[in-house]
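What follows is a set of notes on a single structure, which appears directly below.
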Amino acid sequence: MKKTFNKNWQHLEIESKLYNNWEQSGYFKPEISQKLSAGSDQLSANKPFVIAIPPPNVTGKLHIGHAYGTTLQDLMIRYHRLLGDASLYIPGMDHAGIATQAVVDKKLRKEGINKNDIGREKFVEEVWKWKEESGGKILQQLRAIGASCDWDRERFTLDAGLSDAVRQAFIHLYEKDLIYRGLRTVNWCPKCHTAIADDEVEYKKEIGKFYWIKYGPFILATSRPETKLGDTAVAVHPGDKRYKDMVGKKYMIPGVLGDFEVEVVADNAVDPNFGSGAVKVTPAHSIIDFEISQRHNIPIKQVIDDRGRMMENSGKYAGMTTKEAREEIVADMMKLGLIDHVDENYEHNIAVCYRCGGQIEPIPSKQWFVKMKPLAEKARQAVESGEIEIIPKRFEKVYFHWLDNIRDWCVSRQLWWGHQIPVWYSDSELSEEKIYVGENPPEGYIQDEDVLDTWFSSALWPFSTLGWPNGSSEDYQRFYPTTVMETGYDILFFWVARMIMMGQELTGKIPFKTVYLHGLVRDEHNRKMSKSLGNALDPLDLIAKYGTDALRMGLIIGSTPGQDVAIGESKIRGYRNFTNKIWNASRFVSLRVTDGDLQSGEQGESKISDLNIDEKLLTKDDREILVLYKTAKDQVTKHLNKFEFSLAGESLYNFFWHTFCDQYIEKSKLQLDDEKIKDNTKKILIKILSESLIMLHPFAPFVTEAVWQELREFTPNLAESIMISTWPK
RNA sequence: GCGCGAUUAGCUCAGUUGGUUAGAGCGCUACAUUGACAUUGUAGAGGUCACUGGUUCAAGUCCAGUAUCGCGCACCA
């Protein structure tokens, strides 16, 4: 049966078929390169190239940022597969603790179900049900982007293997005294009803009131007068002469609930130039104040509870929200003449939860913390020594700064969805008197109710996905450490730094050699994409309209690591034109080489028996294109090896379109009519076309494969798929 | 307050270790239509590379400073 070439690249009909073929043929597996390398039967024949996907949250729909990251990852994987490396792209998803719990909670509420009525077990069951329904969609979307993942190795942060990894990691850290339980003032989100880590707190500018209050012998300022009920000290700077004689003394302070005693301490945390230089200290409801209290042995008095309401010990204010209590207390202080004056337009930052946007109420709470200092030192060393390279390099400075100022990481969360902490207590008060950390708790012990921060399991991702803690598992042995970690710069601290720390501590190795950080995707006017602006682009819409290849090229070309990328439909449309150019150049070559019909697109019968070009028959134009081709090929290879994807893509684009198509194909039209050099010209066309297709494949996997299959009809020795062909030497 | 980035064509951005006439996409102008492709081709217009100073035979690129915009971190008691 004769093949016909359409006039245009029909991405809609063909892309998913090609993807299914690839997946079924097993080309996505790293073992394919073993099969291909002739005569080699040992696994070590091909050097591994491994990327673990940044696992998308089960909650979400893939947005264009995912498409960008996935494209970069898949580009590297496909390039290395063509180089003959044993390339493994590990797919998976993240259970996303708070986010997922919130989504399912909301969904159940709509159905009139309160999670507290059905209880933990039932609720978690509901989340699993929801995960099964929603999770699959994301994986289909990754396929649509062309991600050549080995789906047999797909992992989920809450599956059995990874849960085991989390338990082993926790136990290891506990045994090495790198994780501990402590009562501390932590960032508490009353809405999510859980503690969160320092870096999960965001700050929002707000105009509020700044109250200058008469405070015994002091006048001092506060934006939160309601916390006065929990004050236990006043702090001043050690060098502040104004208060020198007062340090160490105790004073009775008049308050709305009667007088109370505070001690004056000197602490460097106080800025003598701000306010009056004297600070009221509320250890229970300010993390800084808590730290001051620890240094000076000051008592902690909690007056706000975990719902953000005043507690029993707050007299007439008990039960009020902090906001209500503030108004009442201010009014009462006015009456008592305790307010000196008020700044009405005081601009300050308020702490809000990164997840729900609700205001953070610091409260004292028993939580688990990871000791970060010892881990951070080694993590610093790995990058400093060059063992790990961060691209672009300037992020190394950001990384160092974060590590140098690190605080202990609060890893326990008061949620139900996640890895329950593998700690058991002998008594129901969950005191630490008798505690068991491990896997086989003694009879009658009660497990800690809390779960671990989502990022705790994410931190293990590069090795937990490969079989760790089973150090002798084949995948772990062969593919760990992974090669490249490609992700957004916005999660350098949340994720990348913690993977490095956990990798070093738990496996004794760095988890990856190169960190490639991409930027945020913005709209074509460089504005942040958002629902409210209505400028968010849906990658699936774009794929349907212009094809995956066009989207991929549009995202890659003209973008650079660490820098935000602006993209709009017009850019993608431009690259759609390019994918069509690839299709049509191939159509031309195919029809002329087989002596087919350019009108109908019907392929002819002629075949090429061998591809050896006769040097003696080369025309001036032939020589010229061969030189230009070689230059382009060297450029592209060089750029890809240096992670310069945009430049590689641009070189290819320009060579293919404006050199090969615009110049050589035009010249070849004359040569193909000359019997003497006709065959040689065909060979040159095929050589440059087929090799260009291979180089274009990581950028535009679908159209290159579609065309490759056409070329195989009449060209000897082409691999059964372009995916597993060989990068031109 | 500390740190980082950006400033290049009308718009959005590339520009690798300093080296001829500074590039791309989109947009714009003129011409070309049964010719692989109009999702095209040919030709073209459009830039004092934010500003000031310095290093150099040579600076968009390196150094110092200024301005504007953006981001991160810390703090705001």
Side-chain angles (χ1 to χ4, degrees), chain A residues 5-9 198-199 203 205-206 208 210-211 220-224 227 231 234-236 267 269-271 273-282 285-286 288-289 292 346-351 392 394-395 397-398 400-402 404-405 489-490 492-493 519-520 522-528 546-547 550 553-554 556-560 562-592 596-599 601 635 638-639 642-651 653-654 657-658 661-662 665-666 668-669:
Chain A
F5 251 101
N6 282 321
K7 285 209 168 194
N8 293 309
W9 162 233
D198 293 334
D199 47 11
Y203 293 91
K205 263 203 187 118
E206 201 188 63
F210 202 37
Y211 303 90
L220 48 76
T222 180
S223 57
R224 300 198 61 191
T227 61
D231 287 357
V234 166
V236 298
D267 196 284
V270 180
D271 177 0
N273 300 316
F274 188 83
S276 64
V279 188
K280 67 185 203 59
V281 179
T282 322
H285 302 297
S286 154
I288 296 285
D289 291 6
I292 294 175
Y346 175 61
E347 191 187 299
H348 64 142
N349 287 331
I350 57 161
R394 67 176 132 77
F395 278 96
K397 203 167 176 176
V398 183
F400 291 147
H401 184 258
W402 187 75
D404 293 344
N405 295 288
Y489 65 72
D490 52 330
L492 179 61
F493 309 140
L520 264 52
R522 294 165 165 271
D523 80 356
E524 59 191 324
H525 300 292
N526 206 12
R527 294 174 307 185
K528 216 168 185 168
Y546 303 109
M553 296 202 79
I556 299 249
I557 297 180
S559 69
T560 201
Q563 206 63 40
D564 293 351
V565 50
I567 191 153
E569 279 206 44
S570 63
K571 188 175 181 189
I572 296 164
R573 198 184 312 125
Y575 287 104
R576 187 272 316 265
N577 295 355
F578 179 61
T579 58
N580 193 54
K581 194 74 182 177
I582 297 173
W583 174 261
N584 258 295
S586 308
R587 179 178 190 264
F588 173 83
V589 171
S590 168
L591 297 177
R592 290 306 302 259
D597 185 74
L598 286 167
Q599 277 306 304
Q635 284 276 320
K638 189 188 81 186
H639 286 313
K642 291 166 75 178
F643 297 90
E644 294 163 354
F645 307 119
S646 173
L647 294 174
E650 213 179 297
S651 301
Y653 178 99
N654 280 321
W657 195 327
H658 301 302
C661 293
D662 291 350
I665 286 189
E666 290 309 316
S668 77
K669 288 174 183 171

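Chain A is the first sequence line, chain B the second, and so forth, proteins listed ahead of strands; every chain is numbered from 1. Not measured: the values here are computed from a predicted model.
- Remark: C1' of rC75(B) and CD1 of I292(A) are 12 Å apart, rounded to the nearest angstrom.
- Remark: F400(A) engages no residue in a ring-ring contact (aromatic ring centres under 6.0 Å, His included) (not counting sequence neighbours).
- Of the candidate nucleotides rA36(B), rU39(B), rA77(B), rU39(B) has the atom nearest to the side chain of N8(A).
- For rA77(B), the OP1/OP2 oxygens have a side-chain nitrogen or oxygen of H348(A) closer than 4.0 Å.
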Kindly give the atom pairs (protein nitrogen or oxygen, nucleotide nitrogen or oxygen) under 3.5 Å for nucleotides 11-15 of chain B.
| residue | atom | partner | partner atom | Å |
| --- | --- | --- | --- | --- |
| rU12(B) | O4' | E524(A) | O | 3.4 |
| rC13(B) | OP1 | N526(A) | OD1 | 2.9 |
| rC13(B) | OP1 | N526(A) | ND2 | 2.4 |
| rC13(B) | O2' | G558(A) | O | 2.4 |
| rG15(B) | OP1 | T560(A) | OG1 | 3.2 |

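- Base engagement by V270(A) is indicated by at least one non-hydrogen atom pair under 4.0 Å involving a base atom.
- Per the geometry, CG belonging to L492(A) stands 19 Å off P belonging to rG3(B), to the nearest Å.
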>> Is there a side-chain contact (heavy atoms from CB on, under 4.5 Å) between V565(A) and R522(A)? Walk through the geometry before answering.
In response: CA-CA 6 Å; V565(A) 50; R522(A) 294 165 165 271; over 6 Å; no
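- Judged by distance alone with a 3.5 Å cut-off, a donor-acceptor contact links the side chain of K581(A) to the base of rC37(B).
- Between F210(A) and Y489(A), it is Y489(A) whose nearest contact on RNA chain B lies nearer the 5' terminus.
- The nearest whole Å value for the distance from the CZ atom in R573(A) to the C1' atom in rU39(B) is 10 Å.
- For Y489(A), the ring-ring contact (aromatic ring centres under 6.0 Å, His included) criterion is met by F395(A), not counting sequence neighbours.
- Here the nucleotide nearest the side chain of F274(A), chosen from rG72(B), rA77(B), rC4(B), is rA77(B).
- In this structure, F643(A) and F645(A) have perpendicular ring planes: the angle between them is above 60°, well past the 30° mark.
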> How does RNA chain B look in dot-bracket form if you count Watson-Crick and G-U pairs under 3.5 Å, write [ ] for pairs that cross, and put | where a base pairs with another strand?
Replying inline: (((((((..((((.....[...)))).(((((.......))))).....(((((..]....))))))))))))....
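- Contact annotation for L591(A): no contact, since no heavy-atom pair falls under 4.0 Å across all strands.
- Listed by chain and residue number, E226(A), E361(A) satisfy the side-chain hydrogen bond (donor to acceptor under 3.5 Å, both in side chains) test with R224(A) (two or more places apart in sequence, or in another chain).
- Within the 4.0 Å cut-off from OP1 or OP2 of rA36(B), at least one side-chain nitrogen or oxygen of K669(A) is found.
- Put simply, the side chain of R592(A) reaches to within 4.5 Å of the side chain of L598(A), judged on heavy atoms.
- Remark: K397(A) engages no residue in a side-chain contact (heavy atoms from CB on, under 4.5 Å) (not counting sequence neighbours).
- Evaluation of the side-chain contact (heavy atoms from CB on, under 4.5 Å) rule for D271(A) yields N273(A), F274(A) as partners, not counting sequence neighbours.
- The separation between Y203(A) atom OH and rA74(B) atom P is 6 Å, rounded to whole Å.
- In this structure, the CD atom of E206(A) is 18 Å from the P atom of rC75(B), given to the nearest Å.
- Contacts of E206(A) classified as side-chain hydrogen bond (donor to acceptor under 3.5 Å, both in side chains), with partners at least two apart in sequence or in another chain: none.
- The side-chain hydrogen bond (donor to acceptor under 3.5 Å, both in side chains) test applied to N6(A) returns no partner, not counting sequence neighbours.
- Applying the salt bridge (Lys or Arg N to Asp or Glu O under 4.0 Å) test to every pair with at least one member in residues 565-588 of chain A, sequence neighbours left out, gives these pairs: K545(A)-E569(A).
- A gap of 33 Å separates the P atoms of rA64(B) and rA24(B), to the nearest Å.
- The residue F5(A) sits apart from the nucleic acid: no heavy atom pair falls under 4.0 Å.
- Here Y346(A) lies in heavy-atom contact (under 4.0 Å) with sugar-phosphate atoms only.
- Across all strands shown, S586(A) has no heavy atoms under 4.0 Å from either base or sugar-phosphate atoms.
- Between N577(A) and rU40(B) there is a side-chain polar atom (N or O) within less than 4.0 angstrom of OP1 or OP2.
- The aromatic rings of F578(A) and Y653(A) are tilted relative to each other, their planes meeting at an angle between 30° and 60°.
- Residue contacts shown for I288(A) are limited to sugar-phosphate atoms, with no base heavy atom under 4.0 Å away.
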Considering only nitrogen or oxygen atoms on both sides, find all protein atoms under 3.5 Å from nucleotides 30-34 of chain B and state each distance.
none

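- Using a 4.0 Å heavy-atom cutoff across all strands shown, D662(A) reaches sugar-phosphate atoms only and no base atom.
- Closest contact between the side chain of T222(A) and the listed nucleotides rA77(B), rG25(B), rC37(B) involves rA77(B).
- Using a 4.0 Å heavy-atom distance criterion, R394(A) is classed as a sugar-phosphate-only contact.
- Residues L220(A) and S276(A) form a side-chain contact, since some pair of their non-hydrogen atoms from C-beta on lies under 4.5 Å apart.
- Rounded to a whole angstrom, the distance from the P atom of rC49(B) to that of rC62(B) is 15 Å.
- Comparing I572(A) and S223(A), the nucleotide of RNA chain B nearest to each residue sits closer to the 5' end for I572(A).
- By the side-chain hydrogen bond (donor to acceptor under 3.5 Å, both in side chains) test, N8(A) is found to be paired with N580(A), residues two or more places apart in sequence or in another chain being considered.
- Taking the P atoms as reference points, rG60(B) lies 13 Å from rU48(B), given to the whole Å.
- Taking atom CZ on F400(A) and atom P on rG3(B), their separation rounds to 17 Å, with Å as the unit.
- Taking atom CZ of R587(A) as the reference point, atom C1' of rU40(B) lies 13 Å away to the nearest angstrom.
- Between F588(A) atom CZ and rG35(B) atom P there is a gap of 13 Å when expressed in whole angstrom units.
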